[in-house]
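In what follows, every heavy atom counts, from backbone to side chain, and hydrogens, waters and symmetry copies are set aside. Lettering of chains follows the sequences in order, A, B, ..., and the numbering in each one begins at 1.
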Amino acid sequence: MSRMGYDGIAVCVPVTVPYSRYSLRSAHWFCGRALADLIAGAGVAKADVDGFCISSFTLAPDSAVGLTQHLGVSPRWLDHIPMGGASGAVALRRAARAVQCGDADIVACIAGDTNHVDSFRNTIASFSQFANDAVYPYGSGGPNASFAFLTDHYMREFGAAREDFGKLCVAQRDNALSTPHAMMKRPLSLDDYLNARPIADPLRLFDCVMPCAGAEAFLVMSDDRAKSLGLPHATILSTIERHNAYPDDPIQIRAGWAMDVDGFYDHAGVGPQDIDFVQAYDDYPVICFMQIEDLGFCPKGEAAAFVREHDLTTAGDFPFNTSGGQLSVGQAGAAGGSLGLVESIRQLTDQCLGKAVDGAHVGLASCFGMINYDRGLCTSAAILGRSTR
Amino acid sequence: MTTPLPPPRKKDPVARTRAPTQPPGNRSREAQGLTAMAAVGRFALQCCADCGQVQYPPRQICGQCLGDDLPWRDVDTSGTLLAETKLHHANDLFFRDRVPWRLGVVGMDAGPSVVAHLAEDCRQGDRVNLSLNLDRSGHAVMNARPETPGPNQEDDMQLRELSMDPKGRRVLIVNGKTALGLALARSFKAAGSREIFVGQAEPWKAAPAFEAIKALDGVTTFPLDVTDTDSVGELASVLGGKVEILVNNSYHLRPGGAVDRMDMNVSREEMDIHYFGLLRLAGTFGAAMRGRGADGAHGACAWVNVLSAYAQVNNPAFGTYSASQAAARSLAQCLRAEMAPGGIRVVNAYVGPLDDEWHQMVPPPKLGPDTVAARVIRALQQGHEDLAIGAVAEEIAERLAENPKEIEREIKL
């Protein structure tokens, strides 16, 4: 059976609850503020939002269910996706189908987390059974250690250099300088990057995201509804989602995108050459390299050369993480999985907070999450287009 | 090449001793199976009984065929180092105090990829050997070392943080008046122990073994009678802050059970030496050792109890002796839990009949004291926790695992 398109679906009202390094607020507050901004932005009543898709690490002991009572909403469609960094495009595709089928009229996709002084350590100290048993007791390095392994292996396998990752990080920082809520606003030079404090060889400070508190959110509804509300909106050309791809690879060099990439572009009716900007998941630069490869912009192992040959700034020939990405804006827990998607909506609806990509009509947002043991298990991605209606 | 172990620094009496912390010790029930294997020195992983797939990390359902019968089987320890890192930042206190810390991902020939502590002289692409060892929290961890051991590999500082290597450490051997005491003193010396303290009870009674011990270099003897609380306390006040490995090797064996030899005096002596003796040592040396569990590369690390294999199942020919050994074993389990916060590991060595004057009427196989001493040293170097030494002890362990009722009915001499 061929896949249904996303005709008639609008993605709109990009919302960011500004990030802070630490917060005394709870995840409920961040999700609640996101909802308040969504309904204010859309000009609808709280009761008009009848679907919710929630993603958060720090709501515990609550889930999306508890949040409904906390926020006083009575949705007829509710989802809580435990996919962390992969949650953005996953929430989008589920919400779109719910609206298409009439199970909900307006779905709020909210990803938010708080960051108390010790909550990052608590999150990684009990992240998953496999991580508790077989990773955390080894140095308790958390994702730094896991990505150090992937980076070390990738560099030796494919000949990528620190300078190549550095070029990407420097370009993203350049992009972040015009993003008002970015946590890191000081220009970054390649020297700064190369000589930063070592964290987990070969990773240094600016290879690592800064955990913080914040939320990202957007609404999914019919384009008729969006139009009647006067909301600028983007359309969905294609989405993909995959979990635990390539389990037989002894160490991760690729992820689910590579399994699904052909159908992804076929469904969208566009190819990599038609993409005007890419918002990739970027908790560490090596995973950006894998996305550039697995999403078809260059063959496997050639991302370093690709990055050397392209300008990744917003004004460049390959605009990449145009808000600065998590590496410069910060990683607000699960919100990191929606940051690129929310920026994509802004770029395609002329609502940029920072610099706009000139003439952007088609954008790609890609998500990655959940180092359950030795590799990230969840991937998702979406191609969004500028609405012509 | 591994950097040779530097000699211990003289302790600064003013400086604060590093407080003991443990590596993360939160493990699932399934992962405790790995700890059970490491405790006895095996390298075993779950293997699916249906499809043969080797599983790691531990689990309850086969990741290949969804079977649920996953027995632990010894597997090939070799593999290739796929990736390495050196952590400069850690989230938990134990490693935060010890960075930089090397880790690797090993692609095992047996199938799974595992995260492992990494020896100093392994590089990406190298062939490596894995071992399962108990860390300071008492849980099993994977360690990767070069396939061909290089010089000084036992000096690797990371492994030393996990193991209980006697090299450079100070040892107290509780009873120097037996052949076992002498064998232990010689073996610790050969293993590179810095100082060996040896106790003797009843100084009026001559013992050839003790004379031989006194003749060894680097050995100091002290009066120590484990049946006398004051004697134990006095020695602890002198040595408590210096002992890094304590070996409780005192034993008192007389034949006889409950019905045919109703002799309260012998039974009381057995309890006094085995059970109350351990209690007195624990109450005086325990806290001092626990406080020095993180005191650098030569900190306190282990408490060894030499126990009879009959501590695990009563041998009626030595009925009251077995019972007092069982009491000591139970107390040793308590000690293990109480010493854990200091990272001090309690090693229980279960021995079969020794080849000494008190086992004259016991048929072979009997254990030479050198065999016991060598196994104790190896367990400390490799981080094992429960050892069955000798054919009798090994057989008892196996029969207990298989059918405890059978051995209870059949055991006799």
For [X], which atoms come within 4.5 Å of any heavy atom of chain A: side chain, backbone, both, or neither?
X         : result
Gln32(B)  : neither
Met108(B) : neither
Val114(B) : both

Less than 4.5 Å apart, side chain to side chain, heavy atoms only: is that true for Cys378(A) and Phe368(A)?
no
I need the residue from Pro250(A), Ala148(A), Ala145(A) with the largest number of non-hydrogen atom pairs under 4.5 Å to chain B.
Pro250(A)
Mind ranking Leu150(A), Asn132(A), Val135(A) by heavy-atom pairs under 4.5 Å with chain B and telling me who comes out on top?
Asn132(A)
Residue, of Ala31(B), Ala90(B), Gly107(B), Ser28(B), that accumulates the most heavy atom pairs under 4.5 Å with chain A:
Ser28(B)
Strictly below 4.0 Å, N to O, side chains only: are Arg136(B) and Glu161(B) in salt-bridge contact?
no
Salt bridge flag under 4.0 Å for residues Arg121(A) and Asp118(A)
yes
Where on [X] is there a heavy atom nearer than 4.5 Å to chain B: the side chain, the backbone, both, or neither?
X         : result
Phe120(A) : side chain
Leu203(A) : neither
Asp133(A) : both
Asn144(A) : side chain
Phe149(A) : both

Grab the two heavy atoms, one from Gln252(A) and one from Arg375(A), that are nearest each other, plus how far apart they are.
OE1-CB, 3.2 Å
When you measure from the centre of the six-membered ring of Tyr246(A), is the NZ or CZ of Arg254(A) under 6.0 Å away and within 45° of the axis?
yes
